[in-house]
Every structure is written in C-alpha cells, then in structure tokens.
2 protein chains.
Amino acid sequence: MSRGPIEPGSSADGPRPAGRSTLRDVAKLAGVSIATASKALNNQPQVRAETRAKVIQAAEALSFSPNTLAQGLITQRSGTVGLLTSDLEGRFSIPILMGAEDAFGSDQTSVFLCDARGDNLRERHHLRALLSRRVDGLIVVGARPDARPSLGELPVPVIYAYSPSDNPADLSLVTDNVGGGRLAVDHLIRHGRRRIAHITGDPSYGAAQDRARGALDRLAQEGLPLAGDQVWFGAWSEAWGRGATRMLLQRDPGIDAIFAGSDEIARGVLDVLHQEKLAVPAQVAVIGFDNWNILAVNARPPLTTIDMNLEELGRLAAQRLFAAIDGTLGSGIETIGPRLITRESTAPLD
Amino acid sequence: MSRGPIEPGSSADGPRPAGRSTLRDVAKLAGVSIATASKALNNQPQVRAETRAKVIQAAEALSFSPNTLAQGLITQRSGTVGLLTSDLEGRFSIPILMGAEDAFGSDQTSVFLCDARGDNLRERHHLRALLSRRVDGLIVVGARPDARPSLGELPVPVIYAYSPSDNPADLSLVTDNVGGGRLAVDHLIRHGRRRIAHITGDPSYGAAQDRARGALDRLAQEGLPLAGDQVWFGAWSEAWGRGATRMLLQRDPGIDAIFAGSDEIARGVLDVLHQEKLAVPAQVAVIGFDNWNILAVNARPPLTTIDMNLEELGRLAAQRLFAAIDGTLGSGIETIGPRLITRESTAPLD
DNA sequence: CGGAAGACCGAAAAGGTTTTCAGGAACGTA
DNA sequence: TACGTTCCTGAAAACCTTTTCGGTCTTCCG
C-alpha cells in the first residue's frame, strides 16, 4: 500500500494510484493556466478544441479526479444527502435505501447512511454531523409506520419516508396500508372466497389498524361478513400466526381464506393449516403482507402477498428531495400504492 | 421550509436554523479575529479562558457548526469512509455495516454507502466517486464469502470484509467457516448425539465446503462417521432442506441430529421432521447456521445456530481501517471466530 | 494599413477553515 | 528606566476549485 505524501511535482514515477493530483498539476503538464484547465475539463465553451484535448490528455495521464470538497466549497452544494434511519436491521429501511441510492445517480450524489437505533440523542448527534458536512438534503426513515417527531426547521430540505412527520408542514411519503388491506381482500374475493378472516399484529401499530380497515371496507362493499367474528390482533410473529389460526379454526371451521397482516404471521398460519390437514389453497387461501422474500418465496406453498413498494418509495423520496434542493419543498403526506404479488397460496376455487 | 440565501450579517432575526453561519460571523460577534475564534473552538491552548468563553457563547448564539468541507480541504482528511457493498439486500452486508457504523463514532467519521449490485462497472463508478470525495478509507463487502478481485493499488487504505481479496497483499477480514462447522458438530456431540448428518447449500460456495470440512474434522476427531453417508450439498433454500431431509431419512432413519448449512435449510429440515412426527430435539436435534433472527427465533422450536459475528467483523474492519489511515496497513487474511447461539432445537439426550 | 470584433487565455477572488509567525501588551527584573 | 519574558491576538498563507473579468492575439473589414 503506497500511502503518505506523494510529491505532486515528480511525474516521472510511472502510473501512480488515482486520486491525488490536483488541477494545478494537470495545468502545468498541459502547459496552460489552472483556469483554462478547469474550463477545458468542465466543457466550458471558451477554450479551443486543441487546448481542451491537451488538458484532457494531461488529466488522464495523471489520473486526475477533482476534489469534491473544494468544488462543494465554491458551488455551495456538497452533492451529498443524509439518510437518517432508525432501524437499519429492520427490513423496511433497506429497500427504501436502495431505491434512494438508485434514484440519485452515483455520479452526482452520494448518500451518508446514519442509523440512530431509535435513540433520540444519537439522532440529534447524527443530525449535527450531517449538517456540518453540508448535506444538500435529508431523508428520514422511521422504524415503524406511525408518525414520528419532526426534526423541525432545518437549513436543508427534509423528506420523511415510511414514518410520516407529526408536523403537517413537512413532506412525508408513506405506504398506503388501507389500500393494501383492500387489495388483499379484493384479490381473495375475486378468486371466489367468501369466508375471509383476518389475523394481524400489534394493534398499537397504525399499520395494523389501517390494513384491517381496508380489509373491512372491501368486505362491506361486497356485503360480506368478516369470518371469525373479529380482527385477530396480536403480535407480528409466527407464533401468534399459529395461535390465532388455531383459535380461529375452533371458532369458525368453515373459513376459506385468511388475510395475514404480515408474511411472518402468514407463515404461522400456513404451519397450522398444514397440521390440520387443510389444503392451501384448495380449501383455504392465504395471503400475506410485506413480500418479505425470504419468508414468502420459501413458504409452502409460496405466498401471495402485498408488496408495499418500498423501493419505489425510496426512489420517490430521492426525486422529491432532488427537486426540493433547488426548488421549494411541498408538504403534507403522500402515499405510495401497494402491489399484489401473486404466488401459489391463493388460487381460484373451482 | 425557509431555504435560500440567508444574509450572514443580519443577526437580529432571532434563532435561525442551524448550520449556515461561518466562523467569520462568530469572530465578529465575539469581537475577535477569525484565527482566535478557530483556536478558541478547537481547544487550542494559546487563548485566554475569558476570550474562549466569549467565542463559545457567540458560536452558540449563532448555532455555528464548522464547515467540514473546508476543514477537510485543509487537514487533508475528510472524515469520511466509503462502504462499497455488493449486496445490500443480502443479510450479510447489513450487520457488517452496523458494526462499522458503530465503531466509527458518528462524531468523527461518516459513512458513504454504495451498493454496486454485483455490477463491476457500477463498482468502478462508485469507486471513482468515492475517491473524488476524498474518503479516508474504504471497506469492501462482497456478496458471498469467496475471494473477489482486488481493487488494486489505491491512494487510500482498503479493507475487504466478508469476501477476501484475491490479492494476498490486501487485508481481508473473513468469518471462520471451518471453525463454525466444527463448533456446530462439537455442540451436538457434547449433547450426546452420535448419528449426525449434514445438509448444506450450493457446493460452489467456499463457505459450504468449509463448514462441511469443519464438521467432518470434528466427527473424525471423535471417531464418528457422518450419518447419511455423505454431505448433502444442494441449494441455500428451505425447499432443498425439505427434499434433502426426506432423502436422508430414507437412507438412514436412525439419525439423531442434523447440522444444516444455513438457517433457511434448517427451517426446511424442521418442517419435514414435524411431518414425519420426529420430535425435535427429543429424537432429532437440529442446528442451523447464520443466526438469521427472523428464521431462527420464529422456528418451532427456536433454532440453535451458529452466528458468524458479522457485526464484530464490521467493527473490526472499522478499527483496522482507522488504524491504517494514519499508520500502515497490514495484509493477509484475518478470521473472526463464530459463536454458538443456543436455543431449543438442540438439547441433551436423556 | 488602421481599427473593431471575436476567440482564447490567465490573473485573481472567492468559498470557510486551520496554522504559522510576527507583533503587542503586561509584567517582572536589573 | 530599559530590557527580556510570557501570554494573547491577528494577519496571512494554504488547501483546491470555479468563475469573472481584463488582456492578448488573430482575423476581417473598410
């Protein structure tokens, strides 16, 4: 590893590792001024084609790459954004992050990733650091889909993704859980199911409430009752999926479909249905929520599920942020529509 | 959102959003020179306590935060590192990332996250961008635990994590898969199991080979044969876990333990064992690999498994990088020991 | 041939900070 | 009083790039 100071003048030591020559070196090698070198490399018009070629050649010979820090200092734009998440290990931040990374072409914008781990203090800390780094904008991804405290007035635009800000003056992008619930039940109804039950997670989650609401909406629209007499709220775990399914079957053995509030729960549901020798999807259809691949694809049978389009959400957040950086930022809550992923756990009844 | 140019001079407009006042403003308000202000805020000794207090107070009044870009320009150190991963959605990058984030206190160092998605071109691209941003170092996380091409000579230190570099002159940090295999079998043996089989994933993965080797080692040491007559290589999926278990039970119905090469496979194994009414762990113990929480904890029964200590690996990578930034970098391959996570799927035989 | 227009190029300022070095004030000593 | 110390403070250079603006050179027209 050749590190340490390298004399910029000594150009006779062969191809050196990229990244440490300056514009001055390039200019000197090309026999022009620094100003001209800059203009040549940035496709400014006031430079002769021949001169430009000389400069470009010199830049390549030195494998010059401009110092983004210095550029940022002048242009007052760092070309970076901060992504402040609260649960990195959670499966929600990651797709959003990927979408965002995707939307900022890597040429223009790089992403600082910061995980606050749900600690408020750590969040303030990260925020300070990011502002100090002069990020051009911020995307805040919460840990759960309920409102979170606003960061308040900042010198850069902020977009809240997944968890909306509690301040309606901020711009938040969230998934449409009501729509997702509706979509799930709609799918079951279209495939001939009539006795549909709903098992879901922690009732303190807005998402659980919303999905249930969407499901009930769609049932009501069709004039169908909810099978099992109630929404089975509990926990976001396979164990609860198993437990609830057992209780549900006791209460109402004749169900022909179960809408699970998450893929985890759906796995538990499937487990008990197998045990009870109820064929899926022939006798009972099962639909999950989240499209968490590892769970949904590996299920037996593979799980039909609702995908919240988190990547799309990330992409959109990036776009909105980009637009806001040199325009003005909107406000309010924008929702992203969910998407049905059809696999084998639901199928038309004969 | 109040954005756009804010006059730095106009200080009478109340508490303004943090982040846009400069050292000059602070100096002016405190009635000292820029140089003195800088020294006061950086705890340089050559400034009177009284003056320092004045400066600090002024800085707080303006909610001054130093421009890191400018600092980096001078100190030749940006306080950033790049984390170049190849599979963000993969479960391996994330814990490593968290460990790294953890080790760099957020005060000092921020992390640029870049996902190349297995595309070589995109990787070069990201690399250019990161060098242009003058990152102080680089951590490269591969997609699978086999050797990957070195990035070559770069002007900053590089650490390869998870996937070692193919150039022994680079420093690579990897998990000890042989040790993991040995640890798994050791655990089973200690708990009285004698007829131990091994079902694992894609044989083209070095990790699969290594884990198998570790397992066989430990068996040989004990003078035990491998139950099932062979290592069952296949795919890293539940489906293969199920299929292999069925074949295995046909070949050798008397096994009392199965070591699965991943938690995914282990889930498949458990599934079939239930179906065949073989009690876990009473009749057959099952141990997985990866400690992928969502799979291991939710399993029935919860899965004993091997944790590769990826967070620790990330932390260590960060430490090594940090040390390398102003020292010189080591080389070769360093391994991180795995850790046994005991849950209910293994238990002593009576 | 004189002059104007146009095409290129370079000097210099700016961006915000750190650091060096020289100067000034206060103080003690001869 | 004159001088040497010790402490503080401030001017200025440096980091690397972009951009403005003035200057030089060529070319073309009258």
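The sequence lines fix the lettering, A, B, ..., with proteins before strands; numbering per chain opens at 1.
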Which nucleotide in [options] has an atom nearest any side-chain atom of [X]:
| X | options | value |
| --- | --- | --- |
| B/I74 | C/dG16, C/dA12, D/dT17 | C/dG16 |
| B/R48 | D/dC8, C/dT17, C/dT18 | D/dC8 |
| A/N67 | D/dT17, C/dC9, D/dT9 | D/dT17 |
| B/T22 | D/dG10, D/dC15, C/dT17 | C/dT17 |
| A/P66 | D/dT17, C/dG10, C/dT18 | D/dT17 |
| B/R24 | D/dT18, C/dG10, C/dG16 | C/dG16 |
| B/K39 | D/dT18, D/dT9, C/dC8 | D/dT9 |
| B/L73 | D/dA12, D/dT18, C/dG16 | C/dG16 |
| B/I34 | D/dT18, C/dT17, C/dA12 | C/dT17 |
| B/Q76 | C/dT18, D/dT9, D/dC16 | D/dC16 |

Should we count CZ of A/R24 as having more than 12 external heavy atoms under 6.0 Å?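 Open: at most 12 neighbouring heavy atoms sit under 6.0 Å from CZ of A/R24.
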Using the ring of each side chain (for Trp, its six-membered ring), is B/F92 parallel, tilted or perpendicular to B/Y162, with breaks at 30° and 60°?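 Judged by the thresholds at 30° and 60°, the geometry between B/F92 and B/Y162 is parallel.
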B/A70 or B/P45, whichever maps to the more 5' nucleotide of DNA chain D: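 Mapping each residue to its closest nucleotide by heavy atoms, the 5'-most match is B/P45.
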Closer than 4.0 Å, any side-chain N/O of A/S33 to the OP1 or OP2 of C/dC9?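 For C/dC9, neither OP1 nor OP2 has a side-chain N or O of A/S33 closer than 4.0 Å.
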Using whole Å, report how far NZ of A/K54 lies from P of C/dC9.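 Result: 7 Å.
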